[in-house]
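Everything numeric in this text was worked out from a predicted model, so none of it was measured. Reckoned from all heavy atoms, side chains included, excluding hydrogens, waters and symmetry mates.
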Amino acid sequence: MRVQLSHPHRQVEIKGPKRTKELLRELNLIMEAHLVIRGDELVTEDEILADADQIEIRPVISGGA
């Protein structure tokens, strides 16, 4: 699957299928700190991502004023 990471900006190819949490573990990313998006939909940690999927991973950003 093609994985687009937003921060730092890079693109990697990962062999699927695998669960979202396995993908994040392989990329050394914390599930609670990232949003995983397939197409226009957020995916949960237990969803299976297919080899043909295009995935975007964005960091969760929060702040206050």
Quick one: side-chain hydrogen bond (donor to acceptor under 3.5 Å, both in side chains) pairs with a partner in residues 26-37, sequence neighbours left out? K18-E26
List for me each residue that meets side-chain hydrogen bond (donor to acceptor under 3.5 Å, both in side chains) alongside Q4, sequence neighbours excluded, and say none if there are none. H9
Can you list everything that forms a side-chain contact (heavy atoms from CB on, under 4.5 Å) with R25? Sequence neighbours excluded, please. K21, E22
Minimum heavy-atom distance I48-P17, with the two atoms named: CG2-CB, 3.9 Å
Is it true that, when you exclude E41 itself, more than 12 heavy atoms of the residues, nucleotides or ligands shown sit nearer than 6.0 Å to its CD? no
In the hydrophobic clustering that connects Ile, Leu, Val, Met, Phe, Trp and Tyr at side-chain heavy-atom distances below 4.5 Å, which members other than V36 occupy its cluster, ordered by chain and number? M1, V3, L5, V12, I14, L23, L24, L27, L29, M31, V43, L49, I55, I57
I30: hydrophobic cluster co-members (side-chain, 4.5 Å): none
Just to verify, what does R2 make a salt bridge (charged side-chain N to carboxylate O under 4.0 Å, His left out) with, not counting sequence neighbours? E13
Salt bridge (charged side-chain N to carboxylate O under 4.0 Å, His left out) filter on E47, not counting sequence neighbours, yields R38
E56 meets the salt bridge (charged side-chain N to carboxylate O under 4.0 Å, His left out) criterion, sequence neighbours left out, with R58
Can you name the salt bridge (charged side-chain N to carboxylate O under 4.0 Å, His left out) partners of D40, sequence neighbours left out? none
Other than I37, which residues form its hydrophobic cluster under the rule that side-chain heavy atoms must be closer than 4.5 Å? L35, L42, V60
